[in-house]
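Everything below concerns the one structure shown next.
Just so it is clear, the model here is predicted, and its values are computed rather than measured. Labels below follow one simple rule: chain letters A, B, ... track the order of the sequence lines, proteins then strands, and each chain is numbered from 1.
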4 protein chains.
Amino acid sequence: MRTLLLLTVFAALAVRARAAEPRGRDLGIPFDFGSPGRANAITDVPGVEVGHVTLIQGESVRTGVTAVLPRGRGDDGQQPCFAGYYSLNGNGEMTGVAWLEEAGVLEGPVLITNTNAVGVLRDAVIQYAHQRWGEREGWSDALWSLPVVAETWDGSLNDIYGGYVKAEHARQALEAARPGAVAEGAVGGGTGMICYEFKGGIGTASRLLPAPSGGFTVGVLVQANFGIRHQLRIAGVPVGAEIRDGATRTTDTGSIIIVVATDAPLLPHQLKRLARRAALGLARTGSVAGNGSGDLFLAFSTANRRAGEAQGTVPLEMLPNARMGALFEATVGATEEAIVNALVAGRTMTGHKGYTVPGLPHDRVVELLRRHGRLQPASGH
Amino acid sequence: MRTLLLLTVFAALAVRARAAEPRGRDLGIPFDFGSPGRANAITDVPGVEVGHVTLIQGESVRTGVTAVLPRGRGDDGQQPCFAGYYSLNGNGEMTGVAWLEEAGVLEGPVLITNTNAVGVLRDAVIQYAHQRWGEREGWSDALWSLPVVAETWDGSLNDIYGGYVKAEHARQALEAARPGAVAEGAVGGGTGMICYEFKGGIGTASRLLPAPSGGFTVGVLVQANFGIRHQLRIAGVPVGAEIRDGATRTTDTGSIIIVVATDAPLLPHQLKRLARRAALGLARTGSVAGNGSGDLFLAFSTANRRAGEAQGTVPLEMLPNARMGALFEATVGATEEAIVNALVAGRTMTGHKGYTVPGLPHDRVVELLRRHGRLQPASGH
Amino acid sequence: MRTLLLLTVFAALAVRARAAEPRGRDLGIPFDFGSPGRANAITDVPGVEVGHVTLIQGESVRTGVTAVLPRGRGDDGQQPCFAGYYSLNGNGEMTGVAWLEEAGVLEGPVLITNTNAVGVLRDAVIQYAHQRWGEREGWSDALWSLPVVAETWDGSLNDIYGGYVKAEHARQALEAARPGAVAEGAVGGGTGMICYEFKGGIGTASRLLPAPSGGFTVGVLVQANFGIRHQLRIAGVPVGAEIRDGATRTTDTGSIIIVVATDAPLLPHQLKRLARRAALGLARTGSVAGNGSGDLFLAFSTANRRAGEAQGTVPLEMLPNARMGALFEATVGATEEAIVNALVAGRTMTGHKGYTVPGLPHDRVVELLRRHGRLQPASGH
Amino acid sequence: MRTLLLLTVFAALAVRARAAEPRGRDLGIPFDFGSPGRANAITDVPGVEVGHVTLIQGESVRTGVTAVLPRGRGDDGQQPCFAGYYSLNGNGEMTGVAWLEEAGVLEGPVLITNTNAVGVLRDAVIQYAHQRWGEREGWSDALWSLPVVAETWDGSLNDIYGGYVKAEHARQALEAARPGAVAEGAVGGGTGMICYEFKGGIGTASRLLPAPSGGFTVGVLVQANFGIRHQLRIAGVPVGAEIRDGATRTTDTGSIIIVVATDAPLLPHQLKRLARRAALGLARTGSVAGNGSGDLFLAFSTANRRAGEAQGTVPLEMLPNARMGALFEATVGATEEAIVNALVAGRTMTGHKGYTVPGLPHDRVVELLRRHGRLQPASGH
């Protein structure tokens with residue numbers, strides 16, 4: 001217990017430390033489809049907050065929890081958001097989606113962790129809401145009783161059967177949530193993840209639409225744990241075919257969870273359209289969504305704050321389908337960039353039973369991009 | 001051509017004549033889940049109009065077209081409606097649903113005909129809109145370019161390969177559309193249809209919700225062409241097990257198209273929920289949705305007249321999910337009643353190659369209901 | 001801990017005791033669509049076993065776990081089954097279905113419990129398999145890493161936030177699994193459930209197809225916790241409209257989990273067709289699948305034992321779609337009967353905070369059926 | 001009529017002439033994920049045949065029909081294939097998919113044409129089969145009564161409301177079907193199509209899996225009519241950003257139909273998985289599946305020749321999910337290449353009202369690939 005608490009503090013410090021780490025754009029990697037928001041993160045969507053609990057201990061503990069709170073960690077978090085879901089390849093778990101699909105709303109946060117810890121966190125979220133709001137007037141426990149918890153498998157670097165993720169980590173991740181810069185790489189649920197046989201984990205990016213397209217923001221957060229090396233493309237350059245060191249896999253056994261947030265006033269069926277576009281951003285990095293991959297995507301909108309009301313008739317706003325093109329491009333672009341950011345943030349890690357995964361070698365990537373005429377002057381993001 | 005024109009006139013007269021025919025409630029059949037609207041028809045939903053073209057000629061022509069116009073046959077018909085779709089058993093055709101599902105809107109009318117005539121009507125609807133509005137400012141031909149046309153198979157009573165349904169019948173059905181009472185049984189697309197081995201065809205019914213439930217109307221129209229006799233239940237009474245005359249089928253080769261209309265302000269994903277409930281109304285009449293049955297359902301809402309706008313952001317109204325229970329009951333009840341109405345309106349028909357289908361024997365049904373303690377005093381509907 | 005163990009023993013005794021309790025057919029309730037198998041239970045499908053853990057303690061503990069093991073509790077349980085899934089109304093949780101839908105297989109058992117205990121059991125199933133087979137040659141932990149655990153909400157009779165369901169109960173339910181007669185009503189996951197405002201819970205039934213239809217068995221098990229009183233129909237008779245005692249609900253806040261098993265050699269897409277038919281059986285009891293109801297259905301086939309192989313190409317057998325009609329009828333009939341059996345097995349229960357739910361009054365139901373000419377001579381099942 | 005006949009002959013000659021035209025690999029464009037089959041076409045899958053009817057006349061007729069026959073134009077064409085469907089963005093029409101999804105089979109051919117001609121061809125396919133096999137013992141007209149006909153919109157280059165596609169063209173396309181090389185670009189249904197604001201149309205490619213992966217073939221045929229210029233990537237190189245000539249669009253109003261064929265023994269749910277991968281191939285060329293795009297994909301398997309039998313139980317073979325990775329890569333690779341081939345085959349065309357679309361400038365593309373270090377030595381395909 002004590003150790004884990006220390007670890008959490010360590011993780012919190014890591015957030016700040018990492019702010020200085022280079023991201024994709026810092027290396028000069030070009031990305032399409034518009035410009036990012038201030039933090040180039042899912043938190044650029046006003047209200048969205050992200051919290052990590054990172055569990056690194058001894059040789060065998062390399063795991064954690066990442067929480068995405070659509071309306072922040074305050075009481076606003078009670079208000080559902082319109083949402084949509086898409087399973088590109090269902091070799092994974094995301095609880096709560098039967099209701100999300102039926103009702104068109106996401107009620108509560110999205111937690112992401114390792115495969116074996118989905119249940120403990122799911123039950124813990126129910127208890128958390130009950131303890132926090134159970135006695136409040138107007139609150140219905142039904143609201144958070146079907147929580148959304150997703151996973152990817154970290155059993156190579158982490159002792160996944162060790163049961164290190166506990167109910168208390170749900171609360172910690174929810175309470176650690178903050179707006180602004182988001183730590184990437186081996187943090188939170190992404191701690192022990194592997195992507196294209198490089199160190200993977202959490203990545204994020206955003207796009208701020210120009211005013212004629214509505215001025216909306218699209219933010220993406222991924223927990224990236226998928227891919228075979230030879231598939232990897234960065235900015236269209238066949239990086240995975242060139243950098244073969246440590247590439248041994250023949251099958252794709254990982255997964256990727258993608259969370260898309262926006263403040264554009266989209267209805268549930270339109271958010272399903274956004275979720276489906278996450279697949280196209282994923283494809284641009286080279287993935288074919290392998291059989292062993294749980295590629296589950298969720299999109300929500302923070303607009304329409306009354307989406308979850310139960311009385312009367314509710315006034316809403318809708319962005320017409322005909323105006324969604326810019327949001328599609330933003331989703332594809334931010335998804336591609338979030339995945340690359342997860343790779344760029346990766347550092348070589350050794351874990352359970354001495355298993356080692358190399359970090360993406362920045363210098364070689366930069367050299368490959370230069371050779372293919374794709375290196376950009378580094379931007380401030 | 002000339003003959004068919006005469007036939008159409010005949011059909012129009014038939015509409016009036018049939019208004020005096022008994023319907024389910026007139027026989028004393030009880031139905032659940034509230035009270036019907038004024039016409040006990042899909043047209044009780046304000047704006048909805050229905051048009052039939054009935055083609056009966058010689059021994060072999062027993063077919064036609066039924067058109068449901070969500071916003072009537074005027075220029076209002078240009079305005080899309082939010083809509084949802086559900087395939088209970090997809091052994092049938094309903095064109096246009098890929099876009100209906102993607103966009104969440106029904107653009108234009110719903111036509112129902114025989115299996116082999118879906119194509120000619122589909123293309124004809126595109127031409128109709130182009131000729132009518134193609135030159136008008138603000139009109140986009142894209143709006144009606146993916147028409148919804150559905151079918152059931154009338155090849156037992158009708159020479160279905162004879163090609164008697166022509167492009168002109170699309171226009172005729174659209175222009176014949178009217179509010180108010182809807183002819184049932186062997187009219188329009190339902191002309192040659194068979195249901196539980198009795199004469200089937202078009203049926204309709206509605207429910208008017210009480211004010212505390214919002215005062216909304218739900219209307220249902222079916223083209224009923226499905227079922228094996230022994231399955232038939234009316235008001236829970238096993239009518240099909242009792243009336244075995246002429247029952248010879250061992251497999252279910254028919255289909256049913258169900259159109260659900262409402263003025264409740266539902267979003268697309270909520271209308272999909274209504275469409276799914278049509279299956280529950282169908283089940284109450286005994287069907288198990290046989291392998292050979294094309295059981296395709298569509299629900300639309302006439303509220304939110306700006307649902308199809310392409311500019312800016314669109315203000316909408318939404319009925320909360322939590323208030324949909326009464327609409328679910330209304331949909332189930334009106335669907336069950338519409339199917340029974342189609343059966344009650346059926347009269348013995350002889351058609352192609354002398355094939356004969358018996359009409360539901362009203363007296364025996366009444367007697368069975370009486371015997372099972374289910375006969376009601378006949379209502380005015 | 002000790003107490004719970006005692007409770008479990010009590011539950012096991014209850015299984016035997018209950019075998020003498022009357023079921024639907026014993027009361028003379030008629031059911032359609034063929035004859036049941038030997039136990040009139042899901043376990044009539046060879047290989048299928050069911051285990052209950054029933055937790056009843058003091059005033060507030062009324063809950064438990066029911067496990068359905070498609071291939072029994074032996075090592076055969078490692079072999080996946082082809083399976084399909086359908087959400088009629090997704091206000092509920094069934095974990096593991098993303099992969100079930102993607103791969104077309106059910107890997108491992110189905111557990112059913114209360115809403116707040118899904119997570120603990122889900123994680124426990126992963127650990128159970130790992131501990132049992134983790135070291136065996138040929139076993140892959142991936143096989144049981146996305147367990148299927150479903151729920152309905154027992155928070156009226158049970159202190160659902162009390163956390164009484166523990167990881168150990170997953171193992172206990174799995175190891176308690178047996179072929180043959182299945183205890184119904186307030187047992188296992190059904191302990192605290194309510195159906196049409198009568199005591200609900202676990203129910204089961206089966207159909208044995210005649211040889212010309214293939215001689216296959218269809219078995220259904222439900223955890224019934226749904227419905228408003230006035231909706232209830234038994235054998236088509238409006239029982240809920242007649243027996244109004246204790247009926248106070250205006251909204252449908254329950255749920256029903258339906259598991260359909262068969263030994264017919266169906267492919268995954270065909271099993272999805274079976275799952276969809278469960279909705280039609282449910283409708284025959286009066287439900288409209290209310291907004292608050294989590295109506296999630298799963299169908300699996302025990303045929304094609306090599307369905308889960310990972311090497312070479314796998315020889316399979318398929319029953320043609322054209323021959324599925326009898327299976328559709330069997331599924332609809334057994335689902336309707338299983339729900340009625342859950343009601344018939346219900347006894348008045350008082351639980352958390354003194355909340356009381358009445359059992360279905362057998363005598364009044366029998367009298368109503370007699371009055372409506374629907375009472376059958378009681379059968380041996 | 002006479003003119004059209006002449007046009008068809010012209011088209012047939014065009015097929016041969018075009019065989020000498022360069023394709024993507026001839027220009028030195030590199031493609032991933034294995035090697036193509038002999039013709040680098042969908043027809044590399046044994047049994048698959050393709051027929052085009054090309055209608056080019058005067059200034060305004062630029063349209064046609066392409067037919068894909070899964071089991072060739074002989075009587076084998078009666079045998080259904082297992083199949084799956086996926087709608088990436090449903091702004092389009094593909095008839096027949098309700099049954100394809102329900103039954104898991106494709107019965108008959110796939111026709112592709114312009115938006116306004118779907119209906120006439122659909123009805124014509126029904127008549128064609130009836131006339132050809134209607135009297136044969138063992139034939140059921142039900143088999144081809146829900147034909148698959150898809151479309152993209154050619155109204156910029158073609159007088160789409162002119163009604164130039166006739167019923168007879170269905171027959172002509174079916175009878176023109178051949179194995180071997182497939183004409184690409186402005187032929188068949190692709191005649192008037194536009195892709196990334198270059199001339200688009202029909203494209204095809206294939207992958208032959210190595211023996212350890214089963215030695216199966218995957219073939220893809222596309223009718224490409226989508227995209228905004230700036231999105232276009234070829235082999236990862238941002239070609240669309242560099243070649244801006246004639247690029248004026250701000251919204252994506254096109255569509256793409258993708259047909260994936262394989263001889264791998266896949267079940268229906270597995271073919272749906274393949275269909276979903278087509279989206280990933282599309283994404284590699286830069287598309288984000290714009291709102292106006294009808295991106296509808298279908299995959300079928302020619303294995304399991306008894307997939308459509310109606311009697312007994314049917315022996316089948318299945319490739320395990322765990323072995324599908326190579327097929328996923330093949331589908332993604334062949335889809336990307338087929339789209340590029342459609343572009344490479346495009347030649348500048350002027351059509352209706354003088355509208356002109358430029359062909360992809362081969363020399364500039366080659367220069368761009370060279371500049372980005374991506375030009376390959378041209379291969380023989």
**Item:** Contact leader toward chain D among P238(A), G292(A), G281(A), where contacts are heavy-atom pairs under 4.5 Å
**Value:**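 Most pairs with chain D among the choices: P238(A).
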**Request:** Against chain D, work out which of G325(A), A322(A), A326(A) has the most heavy-atom pairs shorter than 4.5 Å and name it.
**Result:**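 Highest number of pairs under 4.5 Å: A322(A).
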**Message:** If the condition is side-chain contact (heavy atoms from CB on, under 4.5 Å), which residues does A338(D) pass it with, not counting sequence neighbours?
**Reply:**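 Partners of A338(D) by the side-chain contact (heavy atoms from CB on, under 4.5 Å) criterion, ordered by chain and then number, come out as A205(D), V220(D), V222(D).
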**Request:** Using the test side-chain contact (heavy atoms from CB on, under 4.5 Å), find all partners of A83(D) that sit at least two apart in sequence or belong to another chain.
**Result:**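 side-chain contact (heavy atoms from CB on, under 4.5 Å) list for A83(D), sorted by chain: L100(D), L106(D), F300(D).
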Which donor-acceptor pairs lie under 3.5 Å between chain A and chain D?
unit_1: Y86(A); atom_1: OH; unit_2: Y86(D); atom_2: OH; d: 2.9
unit_1: Y86(A); atom_1: OH; unit_2: R276(D); atom_2: NE; d: 3.3
unit_1: N89(A); atom_1: OD1; unit_2: R273(D); atom_2: NH2; d: 2.7
unit_1: N89(A); atom_1: OD1; unit_2: R277(D); atom_2: NH2; d: 3.0
unit_1: H230(A); atom_1: NE2; unit_2: E329(D); atom_2: OE2; d: 2.9
unit_1: Q231(A); atom_1: NE2; unit_2: E329(D); atom_2: OE2; d: 2.8
unit_1: R273(A); atom_1: NH1; unit_2: N291(D); atom_2: OD1; d: 2.8
unit_1: R273(A); atom_1: NH2; unit_2: N89(D); atom_2: OD1; d: 2.7
unit_1: R273(A); atom_1: NH2; unit_2: N291(D); atom_2: OD1; d: 2.9
unit_1: R276(A); atom_1: NE; unit_2: Y86(D); atom_2: OH; d: 3.3
unit_1: R277(A); atom_1: NE; unit_2: V288(D); atom_2: O; d: 3.1
unit_1: R277(A); atom_1: NE; unit_2: A289(D); atom_2: O; d: 3.3
unit_1: R277(A); atom_1: NH2; unit_2: N89(D); atom_2: OD1; d: 3.0
unit_1: R277(A); atom_1: NH2; unit_2: A289(D); atom_2: O; d: 2.2
unit_1: V288(A); atom_1: O; unit_2: R277(D); atom_2: NE; d: 3.1
unit_1: A289(A); atom_1: O; unit_2: R277(D); atom_2: NE; d: 3.3
unit_1: A289(A); atom_1: O; unit_2: R277(D); atom_2: NH2; d: 2.2
unit_1: N291(A); atom_1: OD1; unit_2: R273(D); atom_2: NH1; d: 2.8
unit_1: N291(A); atom_1: OD1; unit_2: R273(D); atom_2: NH2; d: 2.9
unit_1: N291(A); atom_1: ND2; unit_2: N321(D); atom_2: O; d: 3.4
unit_1: N321(A); atom_1: O; unit_2: N291(D); atom_2: ND2; d: 3.4
unit_1: E329(A); atom_1: OE2; unit_2: H230(D); atom_2: NE2; d: 2.9
unit_1: E329(A); atom_1: OE2; unit_2: Q231(D); atom_2: NE2; d: 2.8

**Asked** Which answer fits L88(D), side chain, backbone, both or neither, if we ask what part of it has an atom under 4.5 Å from a heavy atom of chain A?
**Response**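 Looking at L88(D), backbone and side chain both touch chain A.
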